[in-house]
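If you scroll down you'll find the structure; I have some questions about it.
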Number of protein chains: 2
Amino acid sequence: MPPRDKDAPIHQVAPEATETGPVDGLILEERLGYALRRAQLRVFKHFDEVMREHDIRPAQFSALVIIEGHPGVTQSSLAQTLAIDPPRVVNLVNTLEARGLALRVRCKRDRRSYGIFLTRAGEALVVRLKALSEQSDLAATQALSETERRQLLGLLRRIYSPQASDEPGSNE
Amino acid sequence: MPPRDKDAPIHQVAPEATETGPVDGLILEERLGYALRRAQLRVFKHFDEVMREHDIRPAQFSALVIIEGHPGVTQSSLAQTLAIDPPRVVNLVNTLEARGLALRVRCKRDRRSYGIFLTRAGEALVVRLKALSEQSDLAATQALSETERRQLLGLLRRIYSPQASDEPGSNE
DNA sequence: TATTGTTATACTCTATAACTATA
DNA sequence: TATAGTTATAGAGTATAACAATA
């Protein structure tokens, strides 16, 4: 396409490279989405490092914890809880089942659905993973005090579930 | 590998589906990574809605704001600032250039690199986008007061740039 | 007819290696 | 040889439509 009139550069500044190293993003750092993404990348990096030896991804960890807390949970229930789509749950459970960590049991009442259970290996692993993930959280938030960490969790929770923000035990 | 002994299900609970609706993830909600991801999804959803009419993605917005604040910034500098890889910057700038929002100017001193500048159209758009993104942030954090919002930004900043957490002008 | 799970597909995001042109 | 940018490619993650079995 031919260049248009509006494509002309702004010559208030000499048309020359001015910055060769990292620059500041002060205006950007006032944006919540930017700050959330950067913080999440940092926390997930720690998580990945800690989970590498077990080859566990964030979604797999979440699924294992949910299944542990709710033995016999159905796939559609998992999908709703993890806020992911049914096809992803299929793949997720396939992986866990192939690795001998979880298994599907046909539901007798409603033979369309399965109950998902942890195997003994899955039970043992999730205990270890929970400890590791706690470690990873602490490592990623070394700069924060325990009070600030809980403050942060509370604020985040009020963003992603605005209506359920007054949970018991969260006023310290 | 052949199925192992540990693959056997745990029969402390009847092997039957138990949960058909969404379940709670209380243990999960204590995890920072989980809370960050859920909050980010929520905030990005608002961002997408607000930016849809301009067809602007988060990374494009960030790039436009950085270029506006640093006319003539190089691509490698952009990559460092946005914490993304050089190949992504190429694609990013290609898109912005194709849409007539930014353009590359060959650097005379070092003819390997470009300075990136906004066009007049880009200048006009970024002003509008900054206002929209502020709107979107407010909509996504209706549950928070202005004080809490700034508190959250401060905590997030201390996670993703732990050493630069004592910036000027952040004590109000 | 509606729902659970599944398959297939595609599109975005992200990371890596290898190339070019300059230095 | 080192660096800035580019190309090609592949792997995740995510979303949608369409299908099978069951209700």
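Everything numeric in this text was worked out from a predicted model, so none of it was measured. Chain naming here is simple, since letters A, B, ... match the order of the sequence lines and numbering starts at 1 in each.
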A/Arg31 and side-chain hydrogen bond (donor to acceptor under 3.5 Å, both in side chains): which single residue from B/Ser62, B/Ser136, B/Ser133 fits? B/Ser133
Within residues 26-52 of chain B or reaching into it, pairs that qualify as ring-ring contact (aromatic ring centres under 6.0 Å, His included) - sequence neighbours excluded: B/Phe47-B/Phe61
Under 4.0 Å between a Lys/Arg side-chain N and an Asp/Glu carboxylate O for B/Arg120 and B/Glu123? no
Whole angstroms only, please: what is the CG-P distance between B/Asn91 and D/dA8? 12 Å
Does C/dC13 have OP1 or OP2 sitting under 4.0 Å from an N or O in the side chain of A/Arg37? no
With a 3.5 Å distance limit and no angle check, can you tell me whether B/Thr119 reaches the backbone of B/Leu101 through a side-chain donor-acceptor pair? yes
What nucleotide, of C/dA2, C/dT7, C/dG5, holds the atom closest to the side chain of A/Arg112? C/dA2
Of the nucleotides C/dA15, D/dT16, C/dG5, which has the atom closest to the B/Asp85 side chain? C/dA15
Between C1' on C/dT14 and CG on A/Asp48, what's the gap in Å once rounded to a whole number? 13 Å
To the nearest 10 degrees, the angle between the two end axes of the helix from C/dG5-D/dC19 to C/dA23-D/dT1 (five pairs per end) comes to 0°
Would you check if the side chain of B/Arg38 reaches a backbone N or O of A/Tyr160 as a donor-acceptor pair within less than 3.5 Å? no
Between A/Ser76 and C/dG5, is there a side-chain N or O to OP1/OP2 distance below 4.0 Å? yes
Note: for A/Pro87 and A/Asp110 on DNA chain C, the residue whose nearest nucleotide lies more 5' is A/Asp110
Checking A/Ser113 side chain against A/Cys107 main chain: does a donor-acceptor pair fall under 3.5 Å? no
D/dT6 phosphate, OP1 or OP2: any side-chain N/O from B/Arg104 under 4.0 angstrom? yes
Side-chain atoms of B/Ser113 come closest, of C/dG5, D/dT22, D/dA4, to D/dA4
Using whole Å, report how far OH of A/Tyr114 lies from P of D/dA23. 12 Å
Counting only side-chain nitrogens and oxygens, does A/Arg57 get under 4.0 Å of the OP1 or OP2 atom of D/dG13? yes
